[in-house]
Every structure is written in structure tokens, then in C-alpha cells.
2 protein chains.
Amino acid sequence: MIFSKLLIFFSLFSIAFSHETFNSHLLPRPLIIEYPETFREFNNEVQLHCTSWRFATETNNLNPWKNVPSECAEYVKDYMMGRGYSADLERVSNESAFYAKSVELGGDGKDAWVFDIDETLLSNLPYYQEHGYGLEIFDPLQFDKWVEKGEAFAIKPSLTLYEEVLGLGLKVIFLTGRSEKHRSVTEENLINAGFLKWDKLILRGSDDKEKHATVYKSEKRSDMVKEGYRIVGNSGDQWSDLLGSAMSARSFKLPNPMYYIP
Amino acid sequence: MIFSKLLIFFSLFSIAFSHETFNSHLLPRPLIIEYPETFREFNNEVQLHCTSWRFATETNNLNPWKNVPSECAEYVKDYMMGRGYSADLERVSNESAFYAKSVELGGDGKDAWVFDIDETLLSNLPYYQEHGYGLEIFDPLQFDKWVEKGEAFAIKPSLTLYEEVLGLGLKVIFLTGRSEKHRSVTEENLINAGFLKWDKLILRGSDDKEKHATVYKSEKRSDMVKEGYRIVGNSGDQWSDLLGSAMSARSFKLPNPMYYIP
């Protein structure tokens with residue numbers, strides 16, 4: 001249907017311009033150039049389709065998926081670079097903080113908030129800008145090189161939440177799919193981005209390598225519970241950060257239409 | 001900010017028309033009337049804000065909420081009555097069916113798919129059209145009167161999924177927040193809408209009245225598991241249909257920006 005619409009659009013376009021030489025100086029011409037209706041219709045179709053795709057990914061209905069569909073590449077880029085992504089990040093941070101303030105703490109220092117790292121605390125947007133905002137299939141070797149630079153920047157609304165959560169007296173635990181071999185560069189990157197302290201930083205050890213993120217993160221959360229922590233909040237951009245066992249009392253899904261981790 | 005934008009919009013509007021009498025016949029005038037930029041900007045602001053609000057509700061970040069915020073009333077109406085809602089329903093039905101076909105059945109007739117009823121199989125849109133599409137605070141007495149009419153219509157993409165699931169040899173179980181007193185009108189409504197058979201229809205009994213939906217539905221799913229069912233899929237428009245204990249292997253969140261059930 002998209003192609004037929006494009007065809008109609010280009011036909012209309014050529015008809016419009018073929019009339020250009022015909023007595024054009026005699027007619028009052030519009031001062032405003034308007035796109036033909038068909039072009040707007042085509043744009044609306046793409047918008048509808050890609051918004052629906054985004055909701056399917058964000059609600060975990062689409063599972064698994066490997067890369068952004070090509071027809072939504074521009075849509076995802078616009079969302080990430082425009083105000084959509086930052087508006088959503090702000091909102092989830094505000095909602096999380098609102099909830100955090102309502103939690104009655106146990107007073108024994110065992111209430112904890114679990115944060116994922118990539119696309120939750122730290123943004124890898126400079127990397128994804130170079131890789132089609134998720135249009136390209138994920139390349140772990142290339143991504144490792146980026147991680148090793150330690151240049152990921154803070155997601156500001158998450159930094160605000162992190163500070164509020166610490167201020168309330170909660171413990172913070174960072175639980176990431178990054179490998180143990182990236183511990184020091186990750187610590188350095190976190191500190192440079194403003195995340196100055198944490199109770200635990202858990203990375204994938206050699207035993208965790210083959211595990212799905214949901215399994216690995218569930219196991220680590222279960223360990224926390226065994227150690228006496230009460231997980232009152234959990235923030236992540238992937239459902240595999242949030243679902244599974246030893247789930248948090250409340251989970252907060254940050255937006256991420258660029259990639260999916262099972 | 002919205003009011004200041006509106007003010008600018010109306011100022012520009014009056015300026016535009018106050019110039020209308022000034023030598024207007026001497027100038028070539030545009031054939032196309034364009035809205036002032038400010039009006040489009042204002043519309044974009046509302047669109048951005050309400051899309052972000054919808055994302056927050058659909059991902060369960062906003063929890064609980066009582067009614068649609070007034071500035072998003074038109075947005076929600078447009079979404080429900082336009083193509084957005086039906087596009088999202090189609091997509092979740094397709095994704096669910098795609099997954100259902102991939103499930104390896106046990107062969108003992110114990111694989112089951114759990115469906116919620118309201119806004120999952122049956123649509124109460126005619127009721128919500130009369131009540132501001134979720135703008136009004138939910139009125140259980142008024143809603144009961146609507147339920148008792150038995151006129152809710154089938155959500156077509158869900159009917160398609162239901163038939164596919166049955167065709168695959170899965171058992172279907174309907175688990176609803178409706179009261180046991182509405183059993184016969186619900187059965188009748190389901191049959192009239194095309195949902196002709198089911199393995200179980202579970203409604204809230206007198207013991208369940210005060211329970212949150214998450215607790216009530218978790219208990220009922222646990223009972224199913226105890227009876228030997230394997231819950232391979234679960235469809236619902238509320239996160240309280242899907243989260244809790246005895247969770248399904250895969251859950252599918254249908255869109256619903258009109259109301260929230262804890």
C-alpha cells in the first residue's frame with residue numbers, strides 16, 4: 001500500500017509541475033507551497049504504523065525483535081533526537097521519584113532500588129547514531145569498543161532520580177548485562193557521568209555468559225533478597241531488566257525503541 | 001505554557017484578520033488557508049505530552065491513575081475512534097497468534113490461554129463514548145447497568161485470535177473482574193459476540209470482592225496451575241490481568257488509555 005501511495009504522490013507531483021509553464025504568469029499563485037494531500041497521507045500512514053510498532057515493543061508484545069524495521073528508521077531517529085524520547089525519560093523519572101517518596105522504609109538500611117546501566121543510567125546514543133539508531137543488527141564487538149572508551153553520558157532524568165533515591169536513604173544497586181571485564185571502565189564512566197556511589201555493581205561473570213538477561217538478572221535479584229534486601233524499585237529500559245523472579249514491588253520501564261535484549 | 005501559547009495564537013489570529021481590509025485586493029493572495037505556526041506548535045505540544053502520557057500508562061509506569069487528564073481528552077478520543085486503537089489491536093492479535101503457533105503443546109489438553117473479557121474480548125466503547133472516553137471518574141453503578149444490557153461488542157482482532165487459539169487445540173479460560181451475579185448476561189453477551197465456547201469462565205465471587213485485581217487474578221491462575229493447566233498465553237488490557245504470581249509464559253497487553261484497574 002505504501003508503494004501505491006508513493007506512486008500516486010509522484011504522479012501528482014509531476015502533474016503539478018507539468019502545468020507550471022501553462023499561463024502561470026496570468027494566474028494569482030499561492031504564496032505558500034503545500035505538499036499534496038497524498039504525501040501527508042503517506043506520512044500519516046508511516047506515523048501510525050511506527051507508533052503502533054513502538055507501543056508493541058514498549059509493552060513487550062513484540063518479543064523478540066532484532067532490529068528496527070527499515071520503514072521506521074526515520075521515525076525512530078526523530079523520536080530519539082527530537083523531544084519524544086526526552087519527554088518520556090522525564091516522565092518515567094518523575095513517576096519513579098513520586099513512588100520512591102511514598103515508600104515506607106524499614107529503617108534497617110535494606111531497602112534498595114535496582115538500576116540497569118545502559119540506556120537507563122548511561123546513554124549510548126553516540127554509538128547508535130553511528131549505527132542507524134537500531135536499524136543495523138547489533139554488533140557486540142563494535143559495541144564493546146564503544147564501551148571501552150568510557151564515554152557514555154548520563155541520562156539526566158535518571159541522574160536526578162538516582163540522587164533523589166539516595167537522598168531518601170535507599171541503597172542503590174546497579175545490575176548490568178555488561179561483562180565483568182568492563183568493571184573498571186564502567187566504574188570510571190559512571191563516576192564521570194555523576195553516579196558517584198553505589199552499594200553494589202553487579203556485572204555478568206563467566207558463569208552468566210550464556211544466560212538470557214531475564215534469567216541472569218532474576219538470579220542476581222534473588223541473591224539480593226537472600227542477603228536481606230527489599231527491592232522496592234527497579235528501573236530498566238528492557239523488560240528483561242524487570243520481569244522474572246524476585247521482581248521489584250514496582251518496576252519502571254524506560255523507553256528504548258533501538259534494541260531488544262531477551 | 002499552554003495558556004500563553006493560546007494567547008499568542010489568538011493574538012496572531014486577530015492580527016491576521018485585522019490586515020484583511022488593507023489593500024487586500026491589490027495583492028496576490030494565497031489560495032490555501034494555513035493555520036498560524038503557533039497553533040500547530042500548540043497541537044504538537046499536546047500531541048507530545050499525551051503520547052508520553054499514553055506510553056506511561058501502557059508500560060505501567062503510571063500506577064495508579066483515576067481518569068484521563070483533561071488536556072488529553074481529545075487525544076484519547078481521537079486515538080479510540082481513529083485508526084490508532086484498531087491498528088494497535090490488530091498488531092497485538094497478530095503477535096499473539098504468531099507466538100501461539102510457535103508453542104509446542106503437551107498433547108494432554110492442559111495447555112491454556114487466559115483471556116480477560118472487558119476491553120480484551122468485548123468492547124465497552126459505546127459506554128465510554130457516553131462517559132468522555134475515560135475523562136469521567138469511573139462509576140461502578142452506571143457501568144453495571146451497561147453490563148446488564150449485554151450489548152458489548154466483539155473486539156474483532158481478539159475474536160480472530162480466540163478462534164486461532166482454539167483451532168490450535170489450546171484450552172481457553174476467561175478470567176474477568178466482572179461479578180458472579182453477571183454470569184448469565186456475560187455468557188449471553190460472549191455468545192452473541194461470537195465467543196461460542198470456553199473451558200472455564202471465572203468471575204469474581206463474594207470472597208473476591210475486596211481484592212485487588214492483581215491478587216484475585218493471581219489466585220485464580222494459581223488454581224489453574226494446581227489443576228494441571230500450563231498457561232502458555234495471557235491477553236489483557238490491564239497490567240493487573242498479567243502481573244502477579246502464576247504468570248503466563250507470555251503476556252500480551254492490549255491497549256487501553258481509558259481506565260486503569262489496580
Side-chain angles (χ1 to χ4, degrees), chain A residues 25 27-35 44-45 47-65 79 82-96 98-99 102 233 235-237 239 242-245 247-257, chain B residues 25-35 44-45 47-65 79 82-96 98-99 233 235-237 239 242-245 247-257:
Chain A
H25 61 288
L27 296 163
R29 291 162 62 201
L31 297 175
I32 299 154
I33 294 168
E34 268 231 332
Y35 291 114
N44 287 345
E45 283 298 312
Q47 191 75 14
L48 181 78
H49 167 75
C50 298
T51 304
S52 178
W53 174 82
R54 186 160 70 87
F55 276 88
T57 69
E58 294 295 3
T59 51
N60 209 23
N61 288 337
L62 200 64
N63 164 353
W65 55 277
Y79 170 75
R83 291 176 51 218
Y85 181 53
S86 53
D88 287 343
L89 287 174
E90 290 256 342
R91 188 180 289 266
V92 67
S93 167
N94 293 342
E95 289 301 326
S96 310
F98 181 78
Y99 160 72
S102 77
S235 301
D237 64 294
W239 282 101
L242 310 173
L243 296 177
S245 52
M247 273 171 67
S248 171
R250 275 291 298 275
S251 293
F252 294 90
K253 171 70 178 76
L254 279 78
N256 185 358
Chain B
H25 60 287
L26 296 180
L27 296 163
R29 290 162 63 203
L31 296 175
I32 298 152
I33 293 168
E34 270 227 331
Y35 291 114
N44 287 346
E45 282 299 313
Q47 191 75 15
L48 180 78
H49 167 75
C50 298
T51 303
S52 178
W53 175 81
R54 188 159 68 87
F55 164 83
T57 68
E58 295 294 4
T59 51
N60 209 24
N61 288 338
L62 200 64
N63 164 353
W65 55 278
Y79 171 75
R83 292 175 52 217
Y85 182 54
S86 54
D88 287 345
L89 288 173
E90 289 256 342
R91 188 180 288 266
V92 67
S93 167
N94 292 344
E95 289 301 327
S96 311
F98 181 79
Y99 160 72
S235 301
D237 64 295
W239 282 102
L242 310 173
L243 295 177
S245 53
M247 271 171 66
S248 171
R250 276 290 299 275
S251 292
F252 295 91
K253 170 71 178 74
L254 279 78
N256 185 359

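Proteins get letters first, then strands, A, B, ... in listed order; numbering begins at 1 in each. Note that this is a predicted model, so its numbers are computed, not measured.
The main-chain N or O of Glu45(A) is never found under 3.5 Å from a side-chain atom of Arg83(B) such that the two would form a donor-acceptor pair. Under a 3.5 Å cut-off, the side chain of Arg250(A) and the backbone N or O of Asn63(B) do form a donor-acceptor pair.
For the atom pair Phe55(B) CZ and Lys253(A) NZ, the distance stands at 5.5 Å (nearest 0.5 Å). If you take CG on Leu62(A) and OH on Tyr99(B), they are separated by 14.5 Å, rounding to the nearest 0.5 Å. In this structure, CG in Asp88(B) is found 9.0 Å from CG in Asn61(A), a value given to the nearest 0.5 Å.
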If you apply the rule side chain to side chain contact (heavy atoms under 4.5 Å, CB included), what do you find for Leu254(A) with Thr59(B), and how did you get there?
CA-CA 9 Å; Leu254(A) 279 78; Thr59(B) 51; over 6 Å; no

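Residue contact with chain A, scored on non-hydrogen atoms closer than 4.5 Å, involves the side chain of Leu48(B) exclusively. Both the backbone and the side chain of Trp53(B) come within less than 4.5 Å of a heavy atom of chain A. Contacts between Ser251(A) and chain B at a heavy-atom distance below 4.5 Å involve the backbone alone (N, CA, C, O).
Ranked by heavy-atom pairs under 4.5 Å with chain A, the list Met247(B), His49(B), Arg54(B) is led by Arg54(B).
Residues Ser52(A) and Ala87(B) approach most closely at OG-O, 3.8 Å, considering heavy atoms.
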